[in-house]
Asker: 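Take this structure first; my questions come after.
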Amino acid sequence: MLSMKQIRIVYNTGEVDESGRPVLRRGTFAVEDSVTTVQAEQIANLIDSLSDYTVQEAYLVTTTQVI
């Protein structure tokens, strides 16, 4: 079976919408299948340091093809 990993990041832009809720942006980055959760956290922290937005959440997602 084919599998792949991605890091999904939710950014807080520092802005609010008309309802007063924070404006969020999302990004997805493909990573090698060998990336661990610790490495994913390090990658998210690096991206946070390089971005104009604040990383609010980050996920390491594994997708596995079943058919």
Asker: Please report the shortest heavy-atom distance between Thr36 and Gln39, naming the atom on each side.
Answerer: N-OE1, 2.8 Å
Asker: Does Asp52, at its CG atom, have more than 12 non-hydrogen atoms belonging to other residues, nucleotides or ligands within less than 6.0 Å?
Answerer: no
Asker: Work out which heavy atom in Val35 is nearest to a heavy atom in Leu60; give both atom names and the distance.
Answerer: O-CD2, 3.8 Å
Asker: Decide yes or no for Asp33 and Met4: does some side-chain heavy atom of the first lie under 4.5 Å from some side-chain heavy atom of the second?
Answerer: yes
Asker: Check for me, please, whether Val55 and Phe29 land in the same ILVMFWY cluster - side-chain distances under 4.5 Å, paths through other members count.
Answerer: yes
Asker: Quick one: closest heavy-atom pair of Tyr11 and Gly27, and the distance?
Answerer: CE1-N, 4.1 Å
Asker: Working to the nearest 0.5 Å, report the span between OG1 of Thr62 and NZ of Lys5.
Answerer: 4.5 Å
Asker: Applying the 4.5 Å side-chain criterion to the ILVMFWY set and letting contacts propagate, would Ile7 and Val10 be lumped into a single cluster?
Answerer: no
Asker: Is there side-chain contact between Thr13 and Leu24, with heavy atoms separated by less than 4.5 Å?
Answerer: no
Asker: Ser49 side chain to Leu46 main-chain N or O, any donor-acceptor pair under 3.5 Å?
Answerer: yes
Asker: Compare every heavy atom of Tyr53 with every heavy atom of Arg25, then report the nearest pair and how far apart it is.
Answerer: CG-CE1, 4.3 Å
Asker: Is a donor on one side and an acceptor on the other found under 3.5 Å between the side chain of Asn45 and the backbone of Glu41?
Answerer: yes
Asker: Could you measure the distance from the CG atom of Asn12 to the CD atom of Gln56? Nearest 0.5 Å is fine.
Answerer: 5.0 Å
